[in-house]
Amino acid sequence: DIQMTQSPSSVSVSVGDRVTITCRASRTISNYLNWYQQKPGKAPKLLIYAASSLQSGVPSSFSGSGSATDFTLTISGLQPEDFATYYCQQTYSTPYTFGQGTKLEIK
Amino acid sequence: QVQLVESGGGLVKPGGSLRLSCAASGFTFSDYYMSWIRQAPGKGLEWVSYISSSSSSTNYADSVKGRFTISRDNAKNSVYLQMNTLRAEDTAVYYCARRYTSSAPYDYWGQGTLVTVSS
């Protein structure tokens with residue numbers, strides 16, 4: 001199985017800040033890397049697919065980059081509604097594993 | 001608009017069975033792969049299973065292989081998860097989600113249904 005490791009596990013940031021979350025795959029996954037946002041009690045929401053493509057309707061403050069094994073999600077100009085937990089997921093091979101999540105908390 | 005609505009969750013004893021359903025609307029269901037993904041209380045996301053658009057292909061996480069069976073009925077726009085020999089560690093919110101191809105992202109998710117395995 002491909003292991004997905006996110007860092008940090010949690011981070012305290014302020015409204016207006018820029019934050020970068022990293023995701024590392026245990027072996028190459030090309031660009032089959034997706035990012036999701038999840039708020040408490042809600043289903044995950046797709047933000048970024050294929051490592052860097054922005055899902056329709058998602059603000060351009062979200063961006064993704066990377067390939068092979070190392071990927072990043074960057075959120076610029078954090079808004080109050082962005083405080084949530086973020087997950088990466090590989091869809092290169094089954095089982096389609098997720099990272100353990102990164103929780104963004106308000107400083 | 002796209003909607004995925006799960007049902008069938010509840011409290012079941014260890015060793016018991018449960019069948020989850022997911023009713024889809026707002027898109028051509030037969031064009032999409034469907035999956036089940038779960039989340040234990042306070043934990044992260046775990047992919048459980050997928051079924052291809054024509055039911056020709058299925059796949060399971062090792063943690064459920066041999067106990068869970070995914071199926072679909074394209075005439076009823078529904079996907080199912082038959083869960084047998086349930087264990088306490090199967091306690092989770094179960095989400096159904098769609099994707100367009102075998103490697104595509106999950107672009108729509110249901111709201112989830114809670115399965116609790118406890119005596």
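Order of the sequence lines fixes the chain letters, A, B, ..., with proteins taken first and strands second; residue numbering starts at 1 for each chain.
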Per-residue contact mode, [X] against chain A (heavy atom under 4.5 angstrom):
X	value
B:D107	both
B:Y95	side chain
B:Y50	side chain
B:A104	backbone

>> Non-hydrogen contacts under 4.5 angstrom with chain B: give the residues of residues 43-50 of chain A involved, or none if there are none.
In response: A:A43, A:P44, A:L46, A:Y49
>> When you compare the side chain of B:Y60 with that of A:T94, does any pair of heavy atoms fall below 4.5 Å?
In response: no
> Can you tell if the side chain of B:M34 reaches within under 4.5 Å of the side chain of B:F29, non-hydrogen atoms only?
Replying inline: yes
> Given a strict heavy-atom distance threshold of 4.5 Å, which part of A:Q38 is in contact with chain B: side chain, backbone, both, or neither?
Replying inline: side chain
> Which atoms of A:Y96 come close to chain B, meaning under 4.5 Å heavy atom to heavy atom: side chain ones, backbone ones, both, or neither?
Replying inline: both
> Any idea which heavy atoms bring A:G77 and A:D82 closest together, and the distance?
Replying inline: O-OD2, 4.4 Å
>> If I compare all heavy atoms of A:Q37 with all of A:K39, which pair ends up nearest, and what's the gap?
In response: OE1-CE, 3.8 Å
>> Nearest 0.5 angstrom please: A:Q6 CD to A:Q89 CD, how far?
In response: 11.0 Å
> Are A:W35 and A:I21 close enough, and set up right, to give a side chain to side chain contact (heavy atoms under 4.5 Å, CB included), and what steps lead you there?
Replying inline: CA-CA 10 Å; A:W35 290 98; A:I21 300 167; 3.9 Å; yes
>> Using the rule given for side-chain hydrogen bond (donor to acceptor under 3.5 Å, both in side chains), can you reason through B:S63 versus B:E46, listing the C-alpha separation, both sets of side-chain angles and the distance that settles it, and then say yes or no?
In response: CA-CA 10 Å; B:S63 57; B:E46 181 188 15; 3.0 Å; yes
>> Just checking A:R24: does its CZ atom have more than 12 heavy atoms from other residues, nucleotides or ligands closer to it than 6.0 angstrom?
In response: no
> Would you call B:D90-B:R87 a salt bridge at under 4.0 Å N-O?
Replying inline: no
